[in-house]
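Report on one structure; see the data block that follows.
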Protein chains: 2
Amino acid sequence: MNKKKSDTSIYTPTECKKFILPVRDVIDIIGGKWRLPIIIALSFKIHRFKELERQIEGITPRMLSKELKELEINGLISRAVFNTMPVSVEYSLTDYGKSLDKVIATMRDWGLTHRNKIRNE
Amino acid sequence: MNKKKSDTSIYTPTECKKFILPVRDVIDIIGGKWRLPIIIALSFKIHRFKELERQIEGITPRMLSKELKELEINGLISRAVFNTMPVSVEYSLTDYGKSLDKVIATMRDWGLTHRNKIRNE
DNA sequence: TATAGCACTATACTAAAGTATATCAGTATC
DNA sequence: GATACTGATATACTTTAGTATAGTGCTATA
């Protein structure tokens with residue numbers, strides 16, 4: 001009776017870490033300098049490698065290639081190769097990638113409020 | 001008539017960047033290795049510096065101090081000094097900081113789904 | 001034959017994020 | 001007088017993220 005389990009059930013370093021893990025996953029997946037620009041570009045339309053390179057200004061082919069691979073591993077985008085001459089490769093958001101929309105929208109809402117708050121201080 | 005504005009209105013590098021900015025803000029604010037643990041810990045109760053240091057295992061006082069400052073600058077937490085002996089300093093989430101709950105919950109939901117998906121592959 | 005476009009990759013580098021370790025001033029306890 | 005507590009800060013270091021630049025194999029066009 002001297003200790004209430006419910007008060008601190010989540011509030012131990014271990015439980016706290018467990019609570020955070022899925023949130024951290026999202027940050028790991030869409031974090032970094034280039035992932036969001038890529039996801040947003042692909043949410044508008046399917047893109048070829050060079051199109052993305054031109055669309056996302058400042059990105060190097062090395063980073064684009066690297067990030068596309070990561071996003072593909074995480075199942076957010078898919079890669080389709082066509083044997084045209086020269087070969088063309090199309091990147092598109094998977095349904096799973098599209099499901100991030102809700103998350104991005106929620107973040108964006110808060111971020112817009114934050115921007116207004118900062119501006120009015 | 002040969003170009004439809006609505007098709008590409010958001011879809012230029014400049015407009016795309018504008019769209020992303022508030023989302024990036026959120027990542028910048030809660031991203032990094034230690035911000036979420038700090039925010040979550042403070043969402044359960046007010047903490048003193050040493051309490052946070054003990055609660056968040058692995059953090060060094062340098063990082064804790066650095067991140068607390070950043071979070072305070074962004075208005076998410078507040079710092080209260082009491083002239084006890086020795087001095088005690090209490091950190092708490094502001095209402096504004098608490099407003100991140102919704103964002104964190106949404107991210108967590110998606111992250112949990114992602115974890116289940118990965119596990120079942 | 002030279003040049004250009006596509007989808008990358010390789011190598012070397014710089015910058016940012018995070019870690020390790022020691023130390024500070026003040027007080028209270030052993 | 002030595003040690004420990006509080007809330008930090010300083011310096012030096014390593015690790016991760018991102019950049020710069022050049023080059024690959026293929027083919028079509030000039």
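What you see is a predicted model; the values in this text were computed from it and never measured. Side chains are part of it too, since the values below use all heavy atoms of this structure and drop only hydrogens, waters and symmetry mates.
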Whole angstrom is fine here: how far is it from CD1 in A:Ile46 over to P in C:dA7? 14 Å
Using the ring of each side chain (for Trp, its six-membered ring), is B:Tyr91 parallel, tilted or perpendicular to B:Phe49, with breaks at 30° and 60°? tilted
Specify the separation, in whole Å, of atom CG of B:Leu52 and atom P of D:dT6. 13 Å
Please confirm whether the backbone N or O of B:Gly32 pairs with a side-chain atom of A:Arg24, one donor and one acceptor, at under 3.5 Å? yes
Whole angstroms only, please: what is the CG-C1' distance between A:Leu64 and D:dA20? 16 Å
How many Å lie between NZ on A:Lys69 and P on C:dA7, as a whole number? 15 Å
Note: contacts of residues 73-89 of chain B with DNA chain D (heavy atom, under 4.0 Å) are B:Arg79, B:Pro86, B:Val87, B:Ser88, B:Val89
A:Met63 side chain, from C-beta outward: closest of D:dT19, C:dT9, C:dA7: D:dT19
Evaluate the side chain to side chain contact (heavy atoms under 4.5 Å, CB included) criterion for residues A:Leu52 and A:Ile59: first the C-alpha distance (whole Å), next the side-chain angles of each, then the deciding distance (0.1 Å), finally the verdict. CA-CA 9 Å; A:Leu52 283 170; A:Ile59 199 167; over 6 Å; no
Taking atom C1' of D:dA8 as reference, at what distance in whole Å does atom CG of B:Leu68 sit? 11 Å
A:Glu67 side chain: which of D:dG18, C:dG18, D:dT6 is closest? D:dG18
Can you tell me if the side-chain N/O atoms of B:Arg48 get under 4.0 Å from OP1 or OP2 in D:dG7? yes
Between NZ of A:Lys66 and C1' of D:dT19 the distance, given in whole Å, is 12 Å
Just the rounded figure in Å: distance from P of C:dG18 to CD1 of B:Ile59. 10 Å
Could you tell me how far apart B:Glu53 (CD) and D:dA8 (C1') are, to the nearest whole angstrom? 9 Å
To the closest 0.5 Å, what do you measure between CD1 (B:Ile40) and CD (A:Glu15)? 13.0 Å
Tell me whether the OP1 or OP2 atom of C:dT19 has a side-chain N or O from B:Thr60 closer than 4.0 Å. no
By nearest-heavy-atom nucleotide on DNA chain D, the more 5' of B:Arg62 and B:Arg54 is B:Arg54
Hey, can you pull the residues of residues 21-38 of chain A with a non-hydrogen atom under 4.0 angstrom from DNA chain D? A:Gly32, A:Lys33, A:Trp34
